[in-house]
> 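I'd like to ask some things about the structure below.
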Amino acid sequence: MGIDNNVRILTFPFRGKATGQFQIRRFHKGEHGMRAAKGRRDAIAYFLESDKFWPPLPSIHSKFDTIFRRVLSRLPQDVFDVVESNFIFVFDCPELDAFALNVPPIDPPPEDGKTRTIVIFSRVWEFDSDALTGLLAHEIAHSFVPQNREYVDDEAQTNATARKWGFKKELVALQRYKKPQSSSDKML
């Protein structure tokens, strides 16, 4: 069996735990990329094993794997295509024994030249599954609405987009964890 140059083994040191090694795939379009996968489920599985998650999902929490599968499977196809090509997800993982994380750019660069990075902070780990689903859908939706300088308007448009994708119940669940900051937060 030959060597797969698209697979890397990463080692992450964890506080109070053994060092973890995780196999990740270098994401790329083409014959062996997600576009060659047979359907959305395979594309999602490939994406979740790719180098677009830092640290790799198995290293942080199995709950996130489930949440990402739920959100990615429900996105409209055109939105999913952009997410799989242009997005990187970074987790603030308190168990990771590191001071910083250098997230490499997407290679090759996305067609539109815009990489979107979503950073997920550890304070959301206490959220229930519906709230995490709502949060992820909301953060992805930010990239699909024009952003202006008005926080209230941006949040209202972002929430409307996530609701249009079918995440209304999850946005309501997310609201339980937020402090009301504006009228847009109440429009869920």
Side-chain angles (χ1 to χ4, degrees), residues 27 29 33-35 37 39-54 57 60-61 63-93 103 105-106 108-188:
F27 174 83
K29 295 178 186 177
M34 280 192 248
R35 301 245 186 245
R40 176 77 70 96
R41 187 178 305 166
D42 290 341
I44 289 169
Y46 188 91
F47 183 57
L48 294 176
E49 294 173 4
S50 76
D51 58 357
K52 293 194 167 195
F53 292 86
W54 295 94
L57 278 179
I60 51 170
H61 205 290
K63 179 162 76 170
F64 283 104
D65 181 79
T66 302
I67 300 301
F68 272 94
R69 286 178 194 280
R70 180 183 302 161
V71 172
L72 295 171
S73 67
R74 292 171 54 190
L75 292 174
Q77 186 63 46
D78 60 329
V79 172
F80 176 76
D81 290 344
V82 173
V83 171
E84 74 167 351
S85 298
N86 299 33
F87 281 66
I88 294 174
F89 297 89
V90 178
F91 296 88
D92 171 23
C93 179
V103 180
I106 295 173
E111 291 174 17
D112 69 0
K114 296 179 183 177
T115 298
R116 290 133 175 124
T117 302
I118 294 178
V119 179
I120 300 172
F121 294 103
S122 60
R123 66 181 281 200
V124 305
W125 289 34
E126 66 195 42
F127 289 13
D128 64 39
S129 294
D130 281 345
L132 280 172
T133 300
L135 175 68
L136 184 56
H138 173 89
E139 293 306 321
I140 290 171
H142 269 294
S143 295
F144 294 89
V145 297
Q147 300 295 302
N148 59 52
R149 299 213 177 253
E150 289 295 322
Y151 172 80
V152 173
D153 293 342
D154 286 348
E155 291 299 296
Q157 290 178 348
T158 300
N159 287 333
T161 298
R163 276 194 310 277
K164 184 176 86 175
W165 295 342
F167 293 98
K168 182 177 182 176
K169 175 184 90 165
E170 292 85 354
L171 291 171
V172 170
L174 175 60
Q175 188 63 32
R176 292 191 309 261
Y177 295 93
K178 294 176 80 176
K179 295 177 185 174
Q181 297 177 6
S182 67
S183 60
S184 71
D185 290 338
K186 297 175 185 173
M187 295 174 21
L188 297 173

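Worth knowing before you read on, the calculation uses all heavy atoms, side chains too, and leaves out hydrogens, waters and symmetry mates.
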> Atom NE2 of His142 and atom OG1 of Thr158: how far apart are they, to the nearest 0.5 Å?
4.0 Å
> Any side-chain heavy atom of Arg70 within less than 4.5 Å of one from Asp130?
yes
> How are the rings of Phe144 and Phe87 set to each other: parallel, tilted or perpendicular (split at 30° and 60°)?
parallel
> Between Leu132 and Val124, is there a side-chain heavy-atom distance shorter than 4.5 Å?
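Yes, side chains in contact.
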> For the atom pair CG (Leu135) and CD1 (Ile120), what is the distance rounded to the nearest 0.5 Å?
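So the CG of Leu135 and the CD1 of Ile120 are separated by 6.5 Å.
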> Verify whether the ring centers belonging to Phe89 and Phe64 lie closer than 6.0 Å.
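Not close enough - the centres of the two rings lie 6.0 Å or further apart.
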> Between Val71 and Phe167, is any pair of side-chain heavy atoms under 4.5 Å apart?
yes
> In the structure I gave you, are the side-chain heavy atoms of Asp92 and Trp125 within less than 4.5 Å of one another anywhere?
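Contact flag for Asp92/Trp125 side chains = no.
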> Could you give the distance from CZ (Arg40) to CG (Leu72), rounded to the nearest 0.5 Å?
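Spacing of CZ (Arg40) from CG (Leu72) equals 7.5 Å.
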> Thr133 vs Lys169, test: side-chain contact (heavy atoms from CB on, under 4.5 Å). Steps then yes/no.
CA-CA 10 Å; Thr133 300; Lys169 175 184 90 165; over 6 Å; no
> How close do Ala137 and Trp165 get, counting heavy atoms only, and between which atoms?
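Smallest heavy-atom distance, with atoms named: O-CZ3, 3.9 Å.
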> Please report the interatomic distance OG(Ser73) to CZ(Arg41), rounded to the nearest 0.5 Å.
9.0 Å
> Yes or no on side-chain hydrogen bond (donor to acceptor under 3.5 Å, both in side chains) for Asp81 and Gln77, after CA distance, side-chain angles and deciding distance?
CA-CA 6 Å; Asp81 290 344; Gln77 186 63 46; 2.8 Å; yes
> Can a side-chain donor-acceptor contact be found between Gln157 and Asp153 if the only test is distance below 3.5 angstrom?
no
> Do Glu84 and Lys52 have side chains that get closer than 4.5 Å, going by heavy atoms?
no
> What is the distance from atom CZ of Phe127 to atom CG of Leu136, rounded to the nearest 0.5 Å?
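Phe127 CZ to Leu136 CG: 12.5 Å, rounded to 0.5 Å.
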> Do Ile44 and Leu48 come within less than 4.5 Å of each other through their side chains, counting heavy atoms only?
yes
> Of the options Arg176, Arg74, Arg163, which is the one that meets Glu170 in a salt bridge (Lys or Arg N to Asp or Glu O under 4.0 Å)?
Arg74
> Ring-plane angle category for Phe68 and Phe91, please: parallel below 30°, perpendicular beyond 60°, tilted otherwise.
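Correct class here is perpendicular.
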